[in-house]
Amino acid sequence: MTDDYELVAAIDFGTTYSGYAYCSRQDFERSPLIIKTSSWKSGTGSSDKFMKTPTMVLFDSNGEFDSFGFEAEEKYRKLAVRNRHGSWYFFRRFKMRLHQKQTDRTHERLTVNSEVEDERGKPMNTLKVFQCSIRYLKDSLVKLLIEQGMRGEEEVMRKTRWVLTVPAIWTDPAKQFMKKAAIEAGLPENRLLLALEPEAASLCCWTTRNASPDGRTILTPGVSYTVLDMGGGTADIVTHRIENDFKLREIHAPVGGDWGGTQVNNSFQGLLTKLLGAPIISKFKEEKFFDYLEMMSDFEIQKQFISLDNDDEVMLKVPESLINMFREETKEELSDVIEQSPMRGQLEWTSGRLIVQPDLFSTFFSVSIDNVLSKLKEMFEENCSRDVSTLLVVGGFSESPVLKRAIKRSFRDKSIIIPEHPSLAILQGAVIYGHNPMTVKTRICKYTYGFMAVKTIEHQDSQVPRNRTILGGECESGVFDKLVEIGQPVEVGRYQVEKTYTKVSPSQTSMILLMYTSTSKEPQYVTEDHCSLLGDLVLTLPPGSDEEVVVSTMFSDTFLTVKAAGKRSKHEVTAKFNFLT
């Protein structure tokens, strides 16, 4: 990473909303509080400005990028009103496409050729969708910086260090995918950092808001605290300790799942499906997509700000076009269906509104809240987290009063800290991380990593499992050659493991090593159920190179990095991971 930069620019690419922030090196050295964030206007004609824009992207009928954010949403609405949207491609919440668990062997593998479906089920290359979206955000910031006095795009790119946020629970292939999309979007690889979202939030709260209203310092050396990042798509949980040198030590590996605010929306749609039937909902989205978008936008607002503290009823807008479609298709009235359903007394349809009793509305949050509370309780019972006294809650979904109330009731013994603008904590923390990447001292390995290797067998052993391949009676293949193990702390910025591998023949010009992960601390063979193929490491060997190559691997960075050199000559060998084939 080059050190000749004058500005740090961070892009927070969220499931529901995205934005950017920036801060000059000079301003940061003077005060970390001088962080400027993006400002967006909605497409509705409102004069209100927003610090983030919806993560929505629109492509025309030829698959060419058209618009992003509020602009994309508004243009697609207009197309839908005139029924001209059918051949266009409209994507939203597509970031969740990268939330894949590579340890699940039945799951489709993420590759550069993977496709994602738009709102109407039409496929497009996933990398293209991400690349165009990131490029739009990058271009928007570049344009702003030029308007503020920088002399052209070339100067902006030459003087800027870029940071892109990613969930901590993402797999290595997902992180590599995001990095590749960013590079194809025009961000220079030698000036690009990936910041883990809960780490960025931790840095923001520690650096810029480390005080209670009475002026008391909250996070001090020796304090352990857990960060709960509640985003639109995922919940990320990580525990940090502040060291005496004011660096962060990760004391519990990131955990979490797809428990973000989107789950609440899914529950609401599930209710409508139960009442009206899946065919009606599908037809409504197909024929009245404009109305569908308005309905879900209204629900998004209600979800974020409704408190349920006073047992108030919740009134939700349901388009008349949906009710008419239901009436025409089924010859029934929604009010009659509700009266005959198990939700009688909890729901009411009147005056174009669906009135939901607070007990029923709170169940929309159950999937998200129950999973998060369960995972937090599980963590706090582990030895490494038992002394945690503070829970730091950030992310856009953390603004929900329902979520905040559930957390406070469940952890009365913890100090619950929620920043004034929790949705901006990650974005601003990413800028801080860009100025000082070494603020994080250690991380914890989420998996056991190793290469598939061949092991010499001195004496034939009848106990060798039958599914192992014995080569010439002397070697056994499929061995899990462990590098680091799950739960192991690794120091940031250091290569943790060196392994020596031998060429098969003197004329060999490349070497391919298959990397596996495991949820076991002591895997023996890569074919065991808890092992999964992660990807391959390709070593390009120059002619006449050493027979033995030393491979050094760093697991402490936000994504895996390696270097390799001849054991005797010390000449560097090109080494590159590929997790996306």
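This structure is a prediction, so every number in the text was calculated from the model and none was measured. Counting begins at 1 with the first residue of the sequence.
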Atom [atom1] of [X]: over 12 foreign heavy atoms under 6.0 Å:
{"X": "R327", "atom1": "CZ", "result": "yes"}
{"X": "K317", "atom1": "NZ", "result": "no"}
{"X": "R120", "atom1": "CZ", "result": "yes"}
{"X": "K446", "atom1": "NZ", "result": "yes"}
{"X": "K288", "atom1": "NZ", "result": "no"}

Which atom of [X] lies closest to which atom of [Y], heavy atoms considered:
{"X": "S307", "Y": "V402", "value": "O-CG2, 3.9 Å"}
{"X": "E286", "Y": "H85", "value": "O-NE2, 3.9 Å"}
{"X": "G257", "Y": "I169", "value": "N-CD1, 3.5 Å"}
{"X": "S368", "Y": "Q263", "value": "CB-CB, 4.4 Å"}
{"X": "A181", "Y": "I134", "value": "CB-CD1, 4.1 Å"}

Do [X] and [Y] have a side chain donor and acceptor closer than 3.5 Å?
{"X": "S202", "Y": "Y225", "value": "yes"}
{"X": "S385", "Y": "H252", "value": "no"}
{"X": "R77", "Y": "S297", "value": "yes"}
{"X": "S18", "Y": "T55", "value": "yes"}

Is there a donor-acceptor pair under 3.5 Å between the side chain of [X] and the backbone N or O of [Y]?
{"X": "D229", "Y": "D236", "value": "no"}
{"X": "K175", "Y": "T558", "value": "yes"}
{"X": "N125", "Y": "L127", "value": "yes"}
{"X": "K331", "Y": "E328", "value": "yes"}
{"X": "T126", "Y": "V116", "value": "yes"}
{"X": "S415", "Y": "T390", "value": "no"}
{"X": "K128", "Y": "G63", "value": "yes"}
{"X": "K303", "Y": "V264", "value": "no"}
{"X": "T53", "Y": "F70", "value": "yes"}
{"X": "T273", "Y": "A278", "value": "no"}

Open item on the list: Tell me if the aromatic rings of F284 and F326 count as close, with their centers under 6.0 Å from one another.
Closed with: no
Distance check, rounded to the nearest 0.5 Å: [X] atom [atom1] versus [Y] atom [atom2]?
{"X": "Q269", "Y": "I281", "atom1": "CD", "atom2": "CD1", "value": "8.0 Å"}
{"X": "F364", "Y": "L316", "atom1": "CZ", "atom2": "CG", "value": "7.0 Å"}
{"X": "L392", "Y": "H240", "atom1": "CG", "atom2": "NE2", "value": "10.0 Å"}
{"X": "F177", "Y": "S114", "atom1": "CZ", "atom2": "OG", "value": "6.5 Å"}
{"X": "R386", "Y": "N383", "atom1": "CZ", "atom2": "CG", "value": "4.5 Å"}
{"X": "L187", "Y": "Q131", "atom1": "CG", "atom2": "CD", "value": "10.0 Å"}

Task: Cationic N near anionic O, under 4.0 Å, D60 to K75 - done: no
Open item on the list: Between K375 and E378 (salt bridge meaning N to carboxylate O under 4.0 Å), is one present in this structure?
Closed with: yes
Open item on the list: Which residue in the set W40, Y136, W162 passes ring-ring contact (aromatic ring centres under 6.0 Å, His included) when paired with Y20?
Closed with: W40
Open item on the list: For F130, run the ring-ring contact (aromatic ring centres under 6.0 Å, His included) check against F94, F65, F68 and tell me which one passes.
Closed with: F94
- [ ] Step by step, work out the side-chain contact (heavy atoms from CB on, under 4.5 Å) result for E300 and T16.
- [x] CA-CA 10 Å; E300 183 73 27; T16 310; 4.2 Å; yes
TODO: Report yes or no: is the cationic atom of K95 (NZ for Lys, CZ for Arg) closer than 6.0 Å to the six-membered ring centre of W170, at no more than 45° off its axis?
DONE: yes
Task: Charged tip of K414 within 45° of F380 ring normal and under 6.0 Å - done: yes
Task: Steps toward side-chain contact (heavy atoms from CB on, under 4.5 Å) verdict (L347, L271) - done: CA-CA 10 Å; L347 278 179; L271 172 69; 3.9 Å; yes
Open item on the list: Could you walk me through whether D118 and K122 satisfy the salt bridge (Lys or Arg N to Asp or Glu O under 4.0 Å) test, starting with their C-alpha distance in whole Å, then the side-chain angles of each, then the deciding distance to 0.1 Å, before giving a yes or no?
Closed with: CA-CA 5 Å; D118 81 337; K122 301 192 301 298; 3.0 Å; yes
- [ ] Given side-chain contact (heavy atoms from CB on, under 4.5 Å), test D336 with E339 step by step and report yes or no.
- [x] CA-CA 5 Å; D336 294 337; E339 282 298 307; 5.6 Å; no
Task: Worked check of side-chain contact (heavy atoms from CB on, under 4.5 Å) between L276 and V337 - done: CA-CA 9 Å; L276 308 177; V337 172; over 6 Å; no
